[in-house]
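Predicted, not measured: the structure shown is a model, and the values here were computed from it.
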Amino acid sequence: MPSESPSKVPPETADTTRAPVADGGDALVTAFDAAGADYLFCSSGSEWAPVWESLARRHRDGLPCPAYLDLTHETVAVGMATGYGLVSRRPQGVLLHAAPGLLQGSMAVHGALLAGVPMVVASSESTTYGDGRGQDPGGQWYRNLSVVGGPHGVARPFTKWATEAASVHTLPTMVTRAAELAWRAPAGPAYLNIPLEILLEEWDGRQAHPVVPPGSTHSSPEQVDTVAQLIREARNPVVVTETAGREEGGFEALVAFAEAWDLPVVEPDSAVCGNFPRTHPLHAGSDIGPWMDEADLILLVNCRAPFYPPSRRPSRARVVVIDEVPQRPHVVYQVLFADRYLEGSVTNTLRQLAKRATNLDASAVAPRRTAQEERHGAERAAIATAETNAAAEGGGGGGGRNRGRAEGVDPVLVAAGLRTLLEGRDGIVVDETITHSRIVRRHVRTDAPDSYFYVQGGLGQGIAVALGVKLAARERPVVLTIGDGAFAYNPVVPSYDASKAYELPLLIVVFNNRAYRSMNLNHRRFYPGGAAAGTGEWLGTELGRLPRLAQFAEPFGMHTETVDTPDALAPALERARKAVSEGTTAVVDILVTR
């Protein structure tokens with residue numbers, strides 16, 4: 001529950017003529033506290049001195065306030081707020097520096113928008129440049145920091161809502177509005193430009209109103225009945241979902257819905273999180289392709305971009321979209337081919353549909369149940385075969401043809417090793433791989449709510465997002481799977497600093513193929529007979545010149561492992577797991593074969 005404001009005067013009776021008691025910094029802290037923010041994730045800037053002073057006063061006087069995290073890079077601040085929000089599903093505060101800090105953190109803010117994570121991001125500008133009354137904001141605003149149109153103009157393309165808080169008297173309620181907008185579907189970051197002069201201005205102490213969770217909306221019973229009848233009449237229906245698991249209770253509701261109707265569930269490669277147990281017999285893999293011509297009903301459950309290319313229309317299926325906000329306003333081009341919409345709380349809609357799964361036609365259900373059992377059995381066998389072949393190819397001490405040769409580890413073995421390592425431990429996997437993302441999902445096989453998240457937007461956020469997830473779920477082991485290319489984009493030093501300073505131990509597993517392999521694959525695909533194919537000059541992809549990546553953790557006293565052979569994999573992962581359980585981040589750099 002949000003803490004009470006330190007002001008004892010109700011807002012409707014506040015005496016706005018009395019002597020000011022504080023400044024805009026205290027107004028901002030009070031507002032974030034009322035908004036229910038657990039944390040202020042701050043990448044420091046010179047505008048935040050009023051906030052720091054307010055926090056110091058509150059700590060001294062025992063007054064309520066959000067916990068403050070002092071972070072040394074904007075991507076770390078925003079990424080940690082994203083990770084925390086993925087688990088908590090509540091808006092937090094993020095403080096960046098002016099327009100430059102906002103620009104530095106913009107990739108991560110955009111990633112939060114794509115992931116549907118609520119947060120209130122703030123930074124500043126100057127409005128007087130030293131020519132106004134009151135304290136001098138500093139010459140850096142005049143010379144270096146300001147941008148035409150203000151930082152809120154910069155923020156608009158990658159936030160839900162962006163504006164300026166132009167008065168200290170409206171600042172608390174602007175924070176309330178930003179938090180409420182950020183929290184409502186489609187959830188995402190809202191931005192406030194709070195000029196430094198506003199933060200320094202005297203404040204009369206009026207309270208901000210607490211922010212309460214959004215109310216729920218529902219499709220009508222008649223609309224749900226109509227869709228239930230479509231499912232009842234379908235012979236070959238399928239569910240496709242990207243983010244059902246982001247909804248509170250959505251994971252469990254989707255399982256109950258699928259089981260009630262005996263519906264296979266596809267999680268495409270565009271899935272943002274774990275939405276359905278990958279071990280469940282109704283999980284139908286990641287490829288919607290086989291259903292495009294076979295399905296007669298496709299149920300898109302929180303699925304923003306189901307078909308690629310977008311013009312790839314199902315040949316005969318009717319399409320039902322189940323989503324609180326089907327048309328995502330931040331998606332530039334979105335094609336759903338919807339025949340019907342069920343709009344409102346996805347969790348509630350799925351529960352209502354599950355209740356209507358009565359008196360099913362056995363002659364319709366039995367064939368699709370049999371077909372899904374065959375698909376599921378074939379997938380389990382394919383997974384087992386892939387892991388057996390990977391062990392044989394890589395040696396693994398079992399007599400394979402490459403035994404004893406330091407040529408790396410098949411990535412399938414790495415993912416399978418992580419599955420074994422996490423079994424029964426209620427772990428969470430945060431994934432920032434590209435080339436190996438399908439392998440990670442297929443072989444780690446997470447099966448619980450909030451157990452898998454894929455980092456959205458540009459590469460370079462993975463460590464920070466994983467730290468935020470750990471902050472929200474300290475009791476659960478958190479594993480970051482990351483490619484060497486993605487690792488190189490991350491602000492590694494600030495991320496490790498945050499991990500150590502705030503006691504957030506991670507297991508970081510690097511799939512190191514010493515290349516930007518996805519970039520190389522595109523070059524080969526676009527120019528199969530080109531000059532590079534003939535000469536071997538593949539530009540833009542070489543990472544072999546980097547030192548081994550575990551070494552960067554050593555100055556922080558973290559546990560490090562460098563693995564080049566299959567025999568070394570399991571012992572190294574177990575040592576790393578043990579180190580993490582004892583409170584130390586562990587980095588395992590694994591040379592993979594592809």
Side-chain angles (χ1 to χ4, degrees), residues 6 22-35 37-60 63-81 91-106 108-109 119-130 134-142 144-147 150-152 154-155 162 164-168 171-172 174-175 178-179 189-203 208 464 494 497-498 501-502:
D23 61 15
D26 206 49
L28 187 61
V29 172
T30 298
F32 273 121
D33 190 58
D38 301 317
Y39 291 95
L40 296 178
F41 299 85
C42 181
S43 178
S44 299
S46 55
E47 66 263 52
W48 299 123
V51 168
W52 300 330
E53 180 63 20
S54 174
L55 291 169
R57 286 196 303 268
R58 287 164 177 267
H59 296 159
R60 180 196 64 193
L63 296 173
C65 59
Y68 175 84
L69 298 184
D70 218 345
L71 305 165
T72 55
H73 196 282
E74 290 84 357
T75 298
V76 177
V78 181
M80 286 186 65
Q92 305 300 309
V94 179
L95 307 180
L96 306 179
H97 177 42
L102 175 64
L103 288 167
Q104 181 73 267
S106 60
V109 177
M119 63 180 66
V120 178
V121 182
S123 70
S124 280
E125 63 179 340
S126 174
T127 55
T128 66
Y129 303 103
Q135 299 192 59
D136 181 4
Q140 72 274 21
W141 298 94
Y142 182 52
N144 292 319
L145 295 179
S146 296
V147 296
H152 49 293
V154 173
E164 178 185 9
S167 167
V168 72
L171 176 56
M174 289 290 273
V175 172
Y191 172 80
L192 280 177
N193 165 26
I194 310 172
L196 178 53
E197 288 83 352
I198 301 299
L199 291 169
L200 291 168
E201 188 175 345
E202 292 179 334
W203 174 54
D497 171 67
Y502 297 106

*asked:* Counting only heavy atoms not in Gln135 (residues, nucleotides, ligands), do more than 12 fall under 6.0 Å from its CD?
replied: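 Open: at most 12 neighbouring heavy atoms sit under 6.0 Å from CD of Gln135.
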*Between Tyr68 and Tyr502, what is the shortest heavy-atom contact and its length?*
O-OH, 4.2 Å
Would you check if [X] and [Y] make a side-chain contact, meaning some heavy-atom pair closer than 4.5 Å?
X	Y	result
Val168	Asp23	no
Thr127	Pro195	yes
Val109	Tyr191	no
Ser106	Glu74	no
Trp48	Cys42	yes
Val121	Leu192	no

Within this structure, what is the [atom1]-[atom2] distance for the pair [X] and [Y], rounded to the nearest 0.5 Å?
X	Y	atom1	atom2	answer
Ser124	Leu102	OG	CG	11.0 Å
Met119	Gln92	CE	CD	9.0 Å
Met80	Ser43	CE	OG	12.0 Å

_Lys/Arg N to Asp/Glu carboxylate O, Asp33 vs Arg58, below 4.0 Å_ = no
Would you say [Y] and [X] are linked by a side-chain donor-acceptor pair, where the criterion is simply a distance under 3.5 Å?
X	Y	value
Glu47	Ser123	no
Thr75	Gln104	no
Glu125	Ser146	no

_Counterpart residues, ring pair (Phe, Tyr, Trp, His ring centres under 6.0 Å), relative to Phe41 (two or more places apart)_ = Tyr39
